[in-house]
Structures are given as structure tokens and as C-alpha cells.
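Throughout, protein chains are lettered first and strands after them, A, B, ... in sequence-line order, and every chain is numbered starting at 1.
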Amino acid sequence: LFPMQIEKVYEPRRFEPHWAQWWIDSGVFHASVESSAPVFSLVIPPPNVTGSLHIGHMLEHSEIDVTIRWHRMRGENTLWLPGTDHAGIATQMVVSRKLAEEGINYRDLGREEFEKRVWQWKAESGDTIKRQMIRLGASCDWSRERFTLDAGLSRAVREVFVRLYEKGLVYRGEYMVNWCPQCKTALSDLEVAHVATAGHLWHIQYPVNGMPGRYVVVATTRPETMLGDTAVAINAKDARYADLHGRTVQLPLMDREIPIILDELADPAFGTGVVKVTPAHDMNDFEAGRRHKLPLIQVIDENAAMTPGAGPYAGLDRFEARRRVLADLEDRGLLVKTEDYALNLGTCQRCKTPVEPLVSKQWFVKIKPLADKAIDAVETGRIKFIPANWSKTYFEWMYNIRDWCISRQLWWGHRIPAWHCGNCGEVMVAREAPSACAKCGAARLTQDTDVLDTWFSSGLWPFSTLGWPDRTPDLAKFYPTSLLITGFDILFFWVARMAMMGIEFMDGEVPFREVYIHGLVRDAERQKMSKTRGNTIDPLVVTEKYGTDAVRMALLQGAAPGTDIVLTEERMASSRDFANKIWNAARFLFLNMERSGVDPWVPDSLETFRPEAEPGQEVPIEDRWIFSRLNAAAAQANRAIEQYRYHEAAQALWHFFWHEFCDWYVELKKLRFRENSGLDAGWRNMLAAFETALRLLHPAMPFLTEELWQRLKGQAPRPASIALAAYPQPRGELADAAADAEIETLQEIVTMARTLRAESKLDPKQRLSGVLYSRGPALDVARRRAEAIEKLANAGLQYKAEAAPQAPAMRSTAEFDLVLELPQAQQDAQRKRLEKDRDQLARNIANSKRQLSDDVFLGKAPPQVVDSIRSKLAGYEEQLRKIEGALAGTA
RNA sequence: GGGCCCGUAGCUCAGUUGGUUAGAGCGCUACCUUGACACGGUAGAGGUCGCAGAUUCGAGUUCUGCCGGGCCCACCA
């Protein structure tokens, strides 16, 4: 019969996703989905849906997975979740690890050897490369540069680059870029992290030529750059320096004569109003230098060492040079002031090295035309952010966007499809390597050694993965995507760029219609979890400890839109308890099935099943009730997930299963098992309800529900997995107000009795006796449920349709008065409670009366609000009367 | 400097268009090892919703200011 020796305690690690493995292999899903599978679950796509998950933090995928499962179970087919090219990330992570183990800097290998090794390792590790990546995930620094081996993607990247170039949107220029001396590459603005640093502002005297004794004082945070000064700037309107117009100063240490220029760069209100101008090492100065046609003197090189241009300081590290420059200035009495100064130091996002602004030749994307279209897409609502306020952040960035430096001096990445002529220096951009120089015909061509910013290729993901530039059926079907779920931390890096690239290359069509921004997972100290910080909760560890489903549930409960997700062990533990609760509810079911000789059973049609009755009998009230509640839970869950309110869905499911199904339904069912044998209506209803509840829970807790669902397998043909079954939808005909009311009455009476018992400090095993008084119709309901009341409250009650006496041990609702026979000593314990209730009621009555005597309120408030207060007041007054009676009785 | 978000029970957080006595989980108290579950059950205690105004018949919810905390963007020496 049942195979099961069901252990008492739910064992998290019991559930391995083995059952779904086959499906992935035959699905049309992109293979990259596997990458997150071992951590949370296998994502089972609808057959007509494609998609993929990006590699963010694994823990942030629960929302994505819930959404996918929910869509799948509802048979919807337009969901598509783009991801980055994982193969590249995985490869890069593994390769860099392996090289590090061998003590090799990848740059020392030579590009050919490097590529050879990558291919070799890739072949060796096969598909386990992704698994390796996940295991590394917790501690591995996730470099965003990577070596991409995907030929299709490479083709799309080249195509886009060439097309942008042809439109004049890609250009190569000498420009100031953020240079990381450690990574030895240019960085885009976004890759520079500004870190608040305590620094100094040094005030230095520059003597003015031809005016003995006249100095200008410049203030700088980087004195070593003065070696490359080619001017000092003053503001034309600054009266203090009017006499210096047209003069020159003598640059100390270098003994170079440099002009005093008039430029807006100098703000008379800041510092001394005099600015040193170092066009080769400062963005502002670079532009000022262009305006005034100043020479560029590079004094710091790409290794952050001083160049020959720095004269006597050549060869020194930039910080050593700073110390020497300051010392030398001090010696000459030119350092007039040193003050503390807080500055935001630009550092490399990846290696934290202070970046060095350097002038170099780089490739840029002229971004404004692309950005304008992407702005329009959000303004017109073709792309919608959820929560909506993220669109403000998006606009903020898009309106202030600057040209995008896309070349990187790294080896992993897509190589820029540009060739340089060794003869005449001509630069050619082409899809394939040209055989000869287009200008001079020489055959000595070399490909540009730079690679593209990783986000350049990532930005093409929505269409490059679907076969673009070919017009494939996939592309037609799955572009655009309905939904992108992602974290705000890559809103600019990736989301905005996907939007820009998608619109540009897909005839103006956006890549996705909705962008759901989930919260970032934070640890108990509210630190953002990220691989670069190394404070990640290792999903493999916590899923081992609490179970995958419990971790998911814990995440979902914290996943309110617009907030961070705080993941604590406490919450995971309590979710584990919830999983155990379900597990044991199932255990109860299975053990009793065995006892009653009931076979596994599910109805033929899950969508039309309604609680059944035995011939000649009524449908059991608890069955009517649980289906009504199930229906309400289905309505809540569907609505919540649809609106990305995952925490609401989680709470609704939790409440339904624990506090309705387990606390009341199962308890009521226990009363029936004695009389039951065989698969009667009571059993059928219960099994159907449980089966439906499992499906309802499935997106949130896939493994546990799958396991139990498989054990419920009956005769009816069913899908191979619960993930392929239908998600329960609200069905109006299941809502049963009468059953809801009847069980609610039952709950009220049972709770009253239990409360009285607990407050009177009575032994739970002692059977109580008492009388339930009511003059309303609800007494009949209570009489009908007398047996359940007796069992659940362990009390034998009489039911009287009369007013309650002035009894001491009494609990009241508007409808009922329950009077228990208690020993005198315990009756006194009731006084406190009654007095408290009386005070609360008095407050409520006062409030209601005040409102009802307010003509303005009566005139302006909607009638139903006034009515509800009237009936409320009547109820309060009735209860107060009873309590005062009871208090009189105890006196 | 610009922008965004947060401040609700001891802790971590919900609270969708303003409308009953503001909720959950954990923790806490008392009792119960009852036959699914002690990762359990029953019953409780605990909050002037950061502060001050404004709008409204009515504000945790809308507006303004302030205080406190966080994040993002930014070339001011």
C-alpha cells in the first residue's frame, strides 16, 4: 500500500531534485537554467516558453523561480527571463582559479596559450563547469570580465559593433579614461566606485614671473600631478587676480614657465580661486586644456609610476612621488598650508585600487541617441518598472549619461572587430578580418588587442541568444519578453543597456515590458550580500541545514516589493518548522489511510471537483469549509504572485495550511475517522483538498510538495510532476459563506471555553461542564456542532435559548454567553479578565458614540461606514451589559 | 551637491487606492510530552506607528518641516 515509513521529523536533505532531471533535458529551456538548479530547484519551463536565469546571488532567485513555476502551472507562455552569458562567467571563474593555483598570472601566458588552456579546461570539465561555479559562488570574486566561447554571441557582438560604427555611434578617440593601474585596463564611469577617504588639501605657492614676491597659491589633493601642470587658471571675474591676466608663473620643481589662463574652471568662491591645470591627469583640466590648446604632459604611466616627463621623479610610484614632491616643496618654503580634506576617491570597483585618470586611445559608444529612445520607452510605459519609483532612478541616470568607454585591455571578453594597418595606420572595422588594408592595400593587418566591456555583450542578451541577426522563429516568438526580474544593482550596468541595445537593433521594440526589481538579500547585520564582500550566506550550506524549501519560504516572506530581503537563520528555522508541519499533516493522512484501508486517490478532474456527500447524507461541514478556505487562499495566492507581492502569497499559504488546514480541519477530521472505513466521501474530500493545497504551495516549496504529491498518486492519469499540474485558480462555486460562518461559530465557542479553562488554571485533561446561552439563531448552529465542541474543548455543554444568568465564570461574544461550572476559588480569577474586557468595551463605546453624535461625520462619511459603527456600537453595548452582569455575579 | 528609500511589539519585518479593537514570524509568560508534528498544542503579555504641524468627519496610510539611519549618482581643485 503506502511505501512509507514516514519519519517523524521532516528531513530537509531528503529531497533531491532528481525527479525533474529528465525534463530539463527534453525541454526547450536554455541550458543556462541548470546553473541555478542545484541551489534552489530545477526550473521547469513550459514547453512553449524559453528563458534563463542570470547569475546574480543564488539566493535572489527564489522570486524568479516562484514566478516561473506559477506561470508554468497556469499554462501561460510569455514569460522570459534573460540572463547573462553564463558560460563566459563560469569559464572565467574556473580559469582564473586554476591559473591562480598554478601561480600563473594570465597575462604571462600569452593570448594564444591562454585561449588554448581555456578550451582545454572547458573540454575537460564539460558541463560540470557550472557546478564548479556555483560551489565557488560563495567566496569567489565575480569578475565581470570574461572569456566568452559562445560563437553565436560573438557573431552578434561583432554585428552590433559594426552597425554602431557605421551609424557613427562607435568612435575611437583619445580621451581621458579611468585607468586601473592594477587591472591595467580602462574602466567605464560605472566601474569606478567613489570611496570617502580622509585626505589633505595642500596649498602650494607658484611664483609669478616678472613680479618678484608675487605668488599665486593653488590648492590640490594630488600634489604629484603638479609635475604635469601646463597652466594655472583664474576666473576672469576674480578681482583679486586682475593684475595677473596675461602673466605666467614658474612651475616649482620642474622650473617650467606656464601661462595663467582665464577659465570658468576656477571658482572664485572655492579655496584661493586659483587652480592648477594638469590636462593629462584630470578630467576637468583635460577639457580646460582643450579649450586653451594647452600641451599634455603625462607624468604618470599605466603602472602608476612616474614617467620621464616627471623629470627627477621619473620611475617613482605615484604615492612615493607625492611624498617626495611635498618634501621638496617644504624645503623650498613653497608649501604654505596643509589641511585635512575629505574626498571621494575614485577606486576600481573590482580591485579597490585608486584609479588614475589617463589619456589614452579607447573605443567609445556615443550613447545619447541610444539613451533618448530608451528614456522614451519608459516614459511612454512600454517598459514598466515595479516598484514604479525605480523609473526615477533610471531617468536620473539616463538623462546624465556620458559616452560609454567600451574597450578593455583584458584578455577575456569579445575582441573588438577592428584591424590596424601596420603600414599606414588605417583602422578598419569589419565583421570578418579583412585581407588587406582598405587604404594602402598592405596586408600587414593586426586585430585590435582590446576586448569589449562585458556589459556590451550582456546588453545584447535579449536578442543575441535567440539567433539574431538572423530572423529566427525563436526571435519572433520570444522577443520581447514579458518580464525581467533583477536586482537594482545592475539597473544601469545591464538593464538600461539591454533596453538601449534592444530598441536600437530590434526595430524600436523593447526587450521586456516589465522589470521587477527585487530586493537585495542582506544578512542579519543588514549588509548587502555580495560575492565581492564575501559575506554571502552559502546557499548550499543553509539549504543543507534547513532545506531548500525552507530557505525559499524564508526569502519569500521577506520579499516585499521595494524592500531589502533580510535573511536570518531564525526565519529559515521557522520555515523549516512549517515544512515539518506539512510533512506531518501528510503523515497523519497517510497513517490514517493505511488504518482505514484507503487507497491513494485523486479525483479525475481536479478543476471541477466539489466536496462530496455519501448517498442520503449531507456534505460534511468541515469539507465544505476547507474548500471554501482553499478557494480563498487560491484567490489570495494568485493575486499576490500576479502583483509580485510574494510575501503576501507566502503569508496566505502559511496561514491557510497551518492555521486552517492543520489547526482546524485536521482536528475536525479526527472526529470522523472512527466512523469511517474505506474511501467514503469524507476521505475523498480530504484527499482532494490536500492535493489542491499541495499544488497551491508548490511554487513556494517545490521539493516537499512534489514528494508528497507523488505519494498521492491515484488511478487518474496525471502529469509526471506537480510542476506540470495546474495551479489552483479561484472558483466562485467553492466559496461557501454558510460553512465559513458555521465553522467560525464553532471556533468562537471552542476558543471561549479554552480561554476560560486556561484562565481558571484548570487541567486540560479535566472535562468541563457548563451552559451555552444564546437567544439568537446561532444556538442551532452550536447544537449541530455539539460533538465537535465537546471534543475540541473537552467540555460537555448544555444549550439553552435563554438569557444568561449573572454568572461568575463567563465569556461572551455578541451572540453567545458561555458559563462554566467552576469552583469558587477559580471564579475569582475571572474578575481581572472581565474588568479588562469591560474597560476596553467602554473605550470602544465612547469612541463610537462620539463619532455617531458628530453631525459633520454623519453628513460626510459614507453610509456603510456609519452603519458599521452603529452595529458595532450595538454589539459593544450588548457585551458590556453581559460583562457587567457577570462582574456583579462574582462580587 | 542631486536623487531614492527607511524609522510600526524586545528582535526582524508586513500593513495595495485614508474607514472595525494596527498584524506576522522569532523571542517571552503559563499550562499541556493528547496517537501527525515539542521543528508540536492551548491560552496570554507586549505598540501614544521617529518628532511637530497641515489637509480631512476620520491619518500608521496624504502633504510640509525637523531629527535619526541607509543607498545610488556626481569632474568642483
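For A/I869 and B/rC57, the CD1 to P distance is 15 Å, given to the nearest whole Å. The interatomic distance linking A/N400 (CG) with B/rG2 (C1') rounds to 9 Å, in whole Å. Between A/R811 atom CZ and B/rG44 atom C1' there is a gap of 11 Å when expressed in whole angstrom units. Between A/L756 atom CG and B/rA30 atom P the separation is 21 Å, expressed in whole Å. For A/Q557 and B/rC11, the CD to P distance is 20 Å, given to the nearest whole Å. To the nearest angstrom, C1' of B/rG19 lies 14 Å from CG of A/D854. Rounded to an integer number of Å, the gap from A/Q840 CD to B/rA22 C1' is 12 Å.
When the C1' atom is used for both B/rG15 and B/rC57, the distance is 24 Å, rounded to whole Å. B/rC71 and B/rA38: their P atoms are spaced 44 Å apart (whole Å). To the nearest whole angstrom, the two P atoms, one in B/rG41 and one in B/rU34, are 14 Å apart. B/rU17 and B/rA36 have their C1' atoms separated by 43 Å, given to the nearest Å. For the C1' atoms, the distance from B/rC26 to B/rG19 is 32 Å, rounded to whole Å. Using P as the reference atom, B/rU62 and B/rU16 are 9 Å apart when rounded to the nearest Å. The separation of B/rC28 from B/rA45, taken at their C1' atoms, amounts to 8 Å, rounded to a whole angstrom. Nucleotides B/rG27 and B/rC39 are separated by 11 Å at their P atoms, to the nearest Å.
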The dot-bracket string of RNA chain B, counting Watson-Crick and G-U wobble pairs with both distances under 3.5 Å, using [ ] for crossing pairs and | for pairs to another strand, is (((((((..((((.....[...)))).(((((.......))))).....(((((..]....))))))))))))....
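The side chain of A/W654 has B/rG25 as its nearest neighbour among B/rG35, B/rG25, B/rC39. Set against B/rC57, B/rA14, B/rA77, the side chain of A/A861 has B/rC57 as its closest nucleotide. Of all nucleotides listed (B/rG35, B/rC76, B/rG41), B/rG41 comes nearest to the side chain of A/D663. In the set B/rA36, B/rC4, B/rG19, the nucleotide with an atom closest to the side chain of A/A585 is B/rA36. Which of B/rC57, B/rA74, B/rA14 sits closest to the side chain of A/F857 comes down to B/rC57. Checked against B/rU16, B/rG2, B/rC32, the side chain of A/P764 finds its nearest nucleotide in B/rC32. Relative to the side chain of A/L591, the nucleotides B/rC39, B/rC75, B/rA36 differ in distance, and B/rA36 lies closest. Residue A/E570 places its side chain closer to B/rC26 than to any other of B/rC26, B/rG19, B/rC57. With B/rC37, B/rA14, B/rA43 as the choices, the nucleotide that has an atom nearest any side-chain atom of A/T751 turns out to be B/rA43. Comparing atom distances between the A/S574 side chain and each of B/rC26, B/rU16, B/rU20 picks out B/rC26 as nearest.
Contact check, A/W658 against B/rG41: a side-chain N or O comes under 4.0 Å of OP1 or OP2. Taking only side-chain nitrogens and oxygens, A/T755 comes nearer than 4.0 Å to OP1 or OP2 of B/rG44. A sub-4.0 Å separation between OP1 or OP2 of B/rC57 and a side-chain N or O of A/R850 is absent. Between A/H659 and the phosphate of B/rG41, there is no side-chain N or O to OP1/OP2 separation shorter than 4.0 Å. One finds a side-chain N or O of A/K581 lying less than 4.0 angstrom from the OP1 or OP2 phosphate oxygen of B/rG41. OP1 or OP2 of B/rA77 has at least one side-chain nitrogen or oxygen of A/Y341 nearer than 4.0 Å. For the OP1/OP2 pair of B/rU33 and a distance below 4.0 Å, the side-chain nitrogens and oxygens of A/K765 include at least one atom meeting the criterion. Proximity of A/K872 to the phosphate of B/rU21: a side-chain N or O atom is located under 4.0 Å from OP1 or OP2. Considering only side-chain N and O atoms, A/K761 lies nowhere under 4.0 angstrom from the phosphate OP1 or OP2 of B/rA30.
Each of A/L491, A/I386, A/N389, A/V495 was checked for a side-chain contact (heavy atoms from CB on, under 4.5 Å) with A/I517, and the lone residue meeting it is A/L491.
Taking only distance into account, the side chain of A/R576 meets the base of B/rC39 through a donor-acceptor pair shorter than 3.5 Å.
A heavy-atom distance below 4.5 Å is found between the side chains of A/P252 and A/L329. Within the 4.5 Å cutoff, the side chain of A/Y175 has heavy atoms near those of the A/F364 side chain.
Residue-level contact check: A/L858 touches neither bases nor backbone, having no heavy atom under 4.0 Å from any strand. Among the heavy atoms of the strands, none lies under 4.0 Å from A/R870. Here A/T393 lies out of heavy-atom contact (under 4.0 Å) with every strand. The residue A/F492 sits close only to the backbone: its heavy atoms come under 4.0 Å of sugar-phosphate atoms, none of a base. Looking at heavy-atom distances under 4.0 Å, A/V277 makes no contact with the nucleic acid at all. Using a 4.0 Å heavy-atom criterion, one finds that A/E667 contacts the bases of the nucleic acid, with or without backbone contacts as well. At the heavy-atom level, A/G199 lies nowhere under 4.0 Å from the strands shown. Using a 4.0 Å heavy-atom cutoff across all strands shown, A/A233 reaches no nucleic acid atom at all. At the heavy-atom level, A/S848 lies nowhere under 4.0 Å from the strands shown. Using a 4.0 Å heavy-atom cutoff across all strands shown, A/P862 reaches at least one base atom of the nucleic acid.
Taking every heavy atom of both residues into account, A/M176 and A/H281 meet most closely at CE-N, 3.6 Å. Here the closest non-hydrogen pair linking A/N794 and A/P764 is ND2-O, 3.0 Å.
With the nearest nucleotide of RNA chain B identified for both A/N592 and A/N284, A/N592 has the one nearer the 5' end. Between A/A758 and A/V856, the residue anchored closer to the 5' end of RNA chain B is A/A758, taking for each the nucleotide with the nearest heavy atom.
Here A/E356 pairs with A/R222 in a salt bridge; the nearest charged N to carboxylate O distance falls below 4.0 Å. Ion pairing between A/K849 and A/E877 holds under the 4.0 Å rule for side-chain N and carboxylate O. Salt bridge status for A/R711 with A/E707: present, with a side-chain N to carboxylate O gap under 4.0 Å. With respect to A/K670 and A/E667, a salt bridge is recorded, a charged nitrogen being found less than 4.0 Å from a carboxylate O.
In summary, the side chains of A/Q840 and A/N844 do present a donor paired with an acceptor at a separation below 3.5 Å, with no hydrogens or angles considered.
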Output, in order, the C-alpha distance, side-chain angles, deciding distance and verdict of side chain to side chain donor-acceptor pair (under 3.5 Å) for A/Q557 and A/Y646. CA-CA 7 Å; A/Q557 288 179 84; A/Y646 299 102; over 6 Å; no
Show me the side-chain donor-acceptor pairs of residues 338-345 of chain A shorter than 3.5 Å, one per line, residues at least two apart or across chains.
{"unit_1": "A/E339", "atom_1": "OE2", "unit_2": "A/H203", "atom_2": "NE2", "d": "2.7"}
{"unit_1": "A/D340", "atom_1": "OD1", "unit_2": "A/H200", "atom_2": "ND1", "d": "3.1"}

